[in-house]
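By convention here, the first residue in the shown sequence is residue 1. Source: prediction; values computed, not measured.
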Amino acid sequence: MEFSQYNVNTLMHVTNRPPIVFTEGSGMWLTDNNGKRYLDYLQGWAVNCLGHSPQCIADAASAQAKKLINPSPAFYNEPSIKLATLLTDNSCFDRVFFANSGAEANEGAIKLARKWGKVNKNASGENRYEIITFNHGFHGRTLATMSASGKAGWDTMFAPQVPGFLKAELNDIGSVEKLISDKTVAVMLEPVQGEGGVLPASRDFMQALRKLTTQRNMLLIVDEVQSGMGRTGELFAYQLSSIEPDIMTLGKGIGGGVPLAALLCREAVAVFEAGEQGGTYNGNPMMTAVGAAVLSELLKPGFMQSVRDKGEYLRAQLLQLSEKHGLQGERGEGLLRALRLGKDIGPKIVETARDMGPVGLLLNSPRSDLLRFMPALNVTTEEIDQMIAMLSQVLTQLEQ
């Protein structure tokens with residue numbers, strides 16, 4: 001079917017899309033309406049942690065759809081209990097609230113922190129509500145999560161912002177200390193700033209943050225919507241620094257492609273009362289059955305080691321590519337990595353790689369001077385080699 005036959009104007013314009021309609025996906029590959037195949041290093045922005053249409057998700061969704069889809073969140077259901085148990089058994093957290101998107105989970109984390117600050121007031125008996133976040137951070141597209149984010153231009157896009165978010169600098173503990181007041185209730189950060197350009201928080205910084213927040217009776221919130229669910233080579237990125245946060249949010253990879261997210265916290269922080277948090281689809285059996293299937297795959301013996309191995313392999317290949325083409329190296333954790341280009345050619349690379357034939361390559365450029373790589377966690381070394389060869393071809397073409 002030709003692109004012109006699709007009535008794309010029925011969709012609201014919220015982003016610039018190329019004239020392509022994807023119709024099938026399998027593993028690291030997508031196929032469009034003309035039958036052209038693409039090697040996909042976006043994977044829905046780190047959503048498809050097991051690639052496109054993995055069998056375990058198809059089986060879980062099909063089986064659960066025949067049993068129970070949504071009894072309403074006013075009742076318990078088996079898949080949500082199973083997934084919550086898997087999450088708490090494999091993390092430092094005790095309680096789980098399921099949501100539908102990372103932004104919704106982060107909104108819940110902000111609400112939970114403010115409620116905790118109402119229960120645990122300052123010395124003057126006043127509520128604490130301010131949350132320190134970070135420049136270049138990204139926490140979602142709701143009004144509160146946009147206000148929490150440190151993305152340039154977002155402070156005026158839908159002004160006025162939600163008050164109570166102060167911005168520090170990643171890996172600068174002094175910048176955090178300067179912002180603490182008697183109104184501060186929490187520090188919230190991504191262990192790896194994805195949209196900011198794949199900027200990892202250092203181990204020392206994460207440990208200093210945990211020490212500081214504990215000393216000042218503040219919460220530490222980790223937004224692991226992008227870095228969680230095995231993406232960094234550990235099940236959760238906070239484990240890289242050997243710390244235990246108070247609150248964590250998950251999204252993207254937890255559903256392997258379906259709308260699922262989670263807000264996790266320690267028992268002492270679980271202060272919501274009935275009616276303060278909820279949602280029609282939260283924790284529904286169909287999505288949580290898929291989430292349980294995905295997490296069970298990640299927990300299989302050797303899976304996390306394979307992610308670490310593949311991450312090191314991708315890192316080495318990117319460094320070789322950088323040296324070959326005179327670029328500025330790479331950075332990242334596990335299978336969340338960035339190639340530093342040294343010049344503003346990212347968007348041109350994305351377009352050229354997508355349009356090459358007979359096979360296209362899908363890449364992401366969150367900043368114009370770098371590329372971000374978010375392959376499926378079960379990507380093969382052969383698929384990494386193929387991507388590197390295709391990207392090298394694009395770079396050579398643009399150099400001419």
Side-chain angles (χ1 to χ4, degrees), residues 1-55 57-62 64-66 69-70 99-105 107 138 140-143 145-146 151 153-154 157-158 194-195 225-226 251-261 279-282 284 286-287 290-291 294 346-366 368 371-372 374-376 390 394:
M1 186 170 173
E2 293 299 319
F3 180 78
S4 60
Q5 295 177 272
Y6 291 95
N7 189 10
V8 297
N9 290 327
T10 56
L11 297 173
M12 187 176 293
H13 177 72
V14 294
T15 189
N16 296 315
R17 298 182 174 105
I20 297 170
V21 177
F22 286 117
T23 57
E24 294 181 47
S26 178
M28 283 291 295
W29 293 89
L30 280 171
T31 304
D32 72 11
N33 54 294
N34 292 313
K36 180 180 175 180
R37 299 175 73 234
Y38 301 78
L39 184 57
D40 182 12
Y41 271 77
L42 278 73
Q43 289 294 332
W45 284 292
V47 167
N48 307 314
C49 63
L50 299 175
H52 292 284
S53 304
Q55 192 62 48
I57 289 183
D59 291 344
S62 176
Q64 189 59 46
K66 297 173 184 176
I69 294 177
N70 194 346
N100 309 294
S101 69
E104 186 183 348
E107 187 93 9
F138 182 90
R141 296 179 182 275
T142 68
L143 285 176
T145 55
M146 287 183 72
K151 191 168 181 176
W154 278 28
M157 192 178 296
F158 300 109
E195 289 294 315
V225 170
Q226 187 164 149
K252 296 186 183 294
I254 190 175
V258 305
L260 181 64
T280 307
Y281 298 107
N282 296 151
N284 75 78
M286 191 165 184
M287 296 304 101
V290 169
V294 169
K348 186 62 177 177
I349 292 174
V350 169
E351 181 180 353
T352 304
R354 185 189 67 230
D355 294 342
M356 67 192 304
V359 171
L361 173 63
L362 301 180
L363 298 170
N364 172 250
S365 178
S368 60
L371 298 175
R372 174 174 49 166
M374 303 163 284
M390 294 173 75
V394 170

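Contact between L39 and M390 at its shortest, heavy atoms only, is CD2-SD, 4.3 Å. Summarising the geometry of S53 relative to G25, their closest heavy-atom pair is OG-O, 3.3 Å, with the distance given to 0.1 Å.
Counting only distance, with no hydrogens or angles, the side chain of N48 and the backbone of H52 share no donor-acceptor pair below 3.5 Å. Listed for the N284 side chain is a donor-acceptor partner under 3.5 Å among the backbone atoms of M286. Q43 places no side-chain N or O within 3.5 Å of a backbone atom of G257 that could act as its donor or acceptor partner.
To the nearest 0.5 Å, atom CZ of residue R37 and atom CE of residue M28 are 11.5 Å apart. Atom CG of D355 and atom CD1 of I20 lie 6.5 Å apart (nearest 0.5 Å). Taking CG of N34 as the start and CD of E2 as the end, the distance is 5.5 Å to the nearest 0.5 Å. We find the OH-CG distance between Y38 and L363 to be 13.0 Å, quoted to the nearest 0.5 Å.
For the pairing with V350, the side chain to side chain contact (heavy atoms under 4.5 Å, CB included) check across V394, N364, L371, L42 returns one residue only, L371.
Between the side chains of N33 and Q5, no donor-acceptor pair is found at a separation under 3.5 Å.
Shown here is W45, whose CH2 atom has no more than 12 heavy atoms of other residues, nucleotides or ligands within 6.0 Å.
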